[in-house]
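Note sheet for the following structure.
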Protein chains: 2
Amino acid sequence: MAATLKMIAKAGNVDVSTVSRALRDDPRVKAATRDTIKSLALEMGYKPNWAARSLVAGKTRTVWLLIPDIRNSTEQAPARHAASYLDNKYGYDLMVVLHQNDARIYHRIIEKLCQNAADGVIIVPRGSRNDQDFSPMLHGRGFPAVFMDRHPAKTKIPCVITDNFNACRKMVGMCADAGAKAVIDVSGCPGNNAAAARSRAVLFESRKRNMLHLHCDERYVVSSEWPKNIAVFATSQSAICNFIRTNSHLADGRDMLLACFDDWIGEPFPGKIALVAKQDFKTMSERACDLVMSMINGNGKKIPQGSRLKVPVESILTVDNTFQLAPG
Amino acid sequence: MAATLKMIAKAGNVDVSTVSRALRDDPRVKAATRDTIKSLALEMGYKPNWAARSLVAGKTRTVWLLIPDIRNSTEQAPARHAASYLDNKYGYDLMVVLHQNDARIYHRIIEKLCQNAADGVIIVPRGSRNDQDFSPMLHGRGFPAVFMDRHPAKTKIPCVITDNFNACRKMVGMCADAGAKAVIDVSGCPGNNAAAARSRAVLFESRKRNMLHLHCDERYVVSSEWPKNIAVFATSQSAICNFIRTNSHLADGRDMLLACFDDWIGEPFPGKIALVAKQDFKTMSERACDLVMSMINGNGKKIPQGSRLKVPVESILTVDNTFQLAPG
DNA sequence: CTGAAAGCGCTAACAC
DNA sequence: GTGTTAGCGCTTTCAG
């Protein structure tokens, strides 16, 4: 049986309220009694009961970060940043909770949130439908929730996302400056808001610059009559590689530019260079935290429904073939 | 303000206890009142308060699965299996919680557990020191906890692990049967109990069979005078590949057998075949769940301190070079 | 400085 | 069938 305030009170011949005050360093209790009570609590192995505290406080001082899994940096980074930011700035705990993209699990977690098992939640959804189903439950009861990185199409819950549009415009511009005359967009994934914004930007900017533009999926076979200088856009390195696998003829006698988000591992093969837009997960995490916290603390009235906060990319890296370019 | 029993009671002109009973389908309440109360609760968006329920029940009906991250199947599988098993057999929820191998986060989570934020925990620790520091806190207060897959050296908390010793003995035997005359063990990682057991088994069985035996780390350079048929053992494919990278001469004119755990991706290059011991994560998860649950339900007295439950591997797969072996 | 008492939201004996 | 009462463990007025 775990020690309670009552038990300590009895052991120390004082009232529970005194024990409570002593343990919370209330200046009103005499130093002597505080010390005896504290040592008593220590030797009895006292720990405050979490449920009781949450009940009386009406809050848990906890925010959940709900993510599908932790395969890549896209999900690792928010976990780290949000945890320390919430702790330092708000004295809140972050609990990273996984739903593994399983609708049942996801549902149960949302249920628990509705029961106020946490004060707020930051959600990084998968592109799938699962995520859309339940977010209205949270919004309906005014539960503090924020989507990050991705989000269901027309959710009323505020979202913190990368400014994909401007990042892609910029990358198209860089490609044009480097001589590209045509753009192939393999962003694919209809229904994913991030990919959609990226595609729109690529289309917009390439038109503006009079570049040939082709939006296609990974299996599309591009005619070999296309210009010598082309740029391939996708959301990830793997998408680019998949596309090139079925279009290996493109690399023959061409200067290819590759552009994607987050990471490029290894050489920019078969391209000349690869542009990589690094998303700013630190800023995104912090803004998401600020948003949930302001909703938790009741300033939430000011958050417009369906707000979309766009965070610029941290940088656009240029990955080139260092062996070719190395002097000598 | 979220709806409470009290508010529903007032709205329905009944007592809170009646509302409570009605919502839990207590047969004592009249069907009519039950229905009105239920519809009332529905339209008011009532959800039971999690903290209050946990407080009065004295338990949370929740078990945490505490893991470093979710990079590989070693951590994915337990999450899936434990979640459904706990739900189906015990009506308990599983929450997958990440500590990201960060000592601070890990500590806070253990703290929360000590405050009974969950009824029990299954821990898959990293090989690092972080994990050992805090497990005595849990054990000291009799908090239901079980280590799975790996565990700190001499912890008193029960552990569910793979029967690494017998799996490795069997694999050594298979290698011998396939003609191997020598064994190189690259299991490395001193301090990791699983790796240690595997190494012991490889030594034991290779001695018994009069095979040459060499235990070394990845950077060790093996003399080229060794027998033609050798087997390389490690805990993972990557460890084997790292070793072979610095010992590429070994592959010349030799029939190499490779043996590791969990997965082999691609061809068994540069070996002839690769043996892969598949750990039985389903059984391990289920036994771990049964253990925590028996501790939670008070039958815990029977669990001997420092118990180690060894689960046999699911199977030992043989991965061969299908191109070479394909007929024609 | 400390105790008494009320209450957080919910459940469960115990009345009637 | 339903209301009354007490209590889970803790915090927080309000007295004294």
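Side chains included, hydrogens not; waters and symmetry mates left out as well; all remaining heavy atoms used.
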Legend entry - Under 4.0 Å protein heavy-atom contact, by nucleotide of nucleotides 8-16 of chain D - B base, S sugar-phosphate only: BBSBBB---
Legend entry - Pairwise side-chain hydrogen bond (donor to acceptor under 3.5 Å, both in side chains) hits with a residue in residues 53-63 of chain B, at least two apart: A/Lys112-B/Thr62, B/Thr60-B/Asp119
Legend entry - Qualifying salt bridge (charged side-chain N to carboxylate O under 4.0 Å, His left out) pairs with a residue from residues 287-297 of chain B, counting only residues at least two apart or across chains: B/Lys89-B/Asp290, B/Arg287-B/Asp290
Inset, instruction - Could I get the full list of side chain to side chain donor-acceptor pair (under 3.5 Å) partners for A/Thr162, not counting sequence neighbours? - result: A/Gln279
Legend entry - Helical bend (five base pairs per end, nearest 10°) for the helix from C/dC1-D/dG16 to C/dC16-D/dG1: 50°
Legend entry - Under the ring pair (Phe, Tyr, Trp, His ring centres under 6.0 Å) test, residues paired with A/His139 that sit two or more places apart: none
Inset, instruction - May I ask you to say what B/Ser54 touches in the nucleic acid, namely base, sugar-phosphate or nothing, with a heavy-atom cut-off under 4.0 Å? - result: nothing
Legend entry - N/O donor-acceptor pair under 3.5 Å between A/Asn193 side chain and A/Ala153 backbone: no
Legend entry - Those residues that, when tested against A/Asp26, pass salt bridge (charged side-chain N to carboxylate O under 4.0 Å, His left out) (two or more places apart): A/Arg28
Legend entry - Sequence-distant partners of B/Thr283, side chain to side chain donor-acceptor pair (under 3.5 Å), two or more places apart: B/Asp280
Inset, instruction - Taking side chain to side chain donor-acceptor pair (under 3.5 Å) as the test, write out the residues that go with A/Glu286, two or more places apart. - result: A/Lys282
Legend entry - Atom-pair distance (NZ on B/Lys30; P on D/dG3), nearest Å: 10 Å
Legend entry - Selection residues 37-47 of chain A - residue pairs positive for salt bridge (charged side-chain N to carboxylate O under 4.0 Å, His left out), sequence neighbours left out: A/Asp25-A/Lys38, A/Lys47-B/Glu111
Inset, instruction - Mind checking side-chain contact (heavy atoms from CB on, under 4.5 Å) for B/Asp87 and listing every partner two or more places apart, or none if nothing turns up? - result: A/Arg104, A/Arg108
Legend entry - Opening and closing nucleotides of DNA chain C in contact with chain B, under 4.0 Å to non-hydrogen atoms: C/dC8 to C/dA13
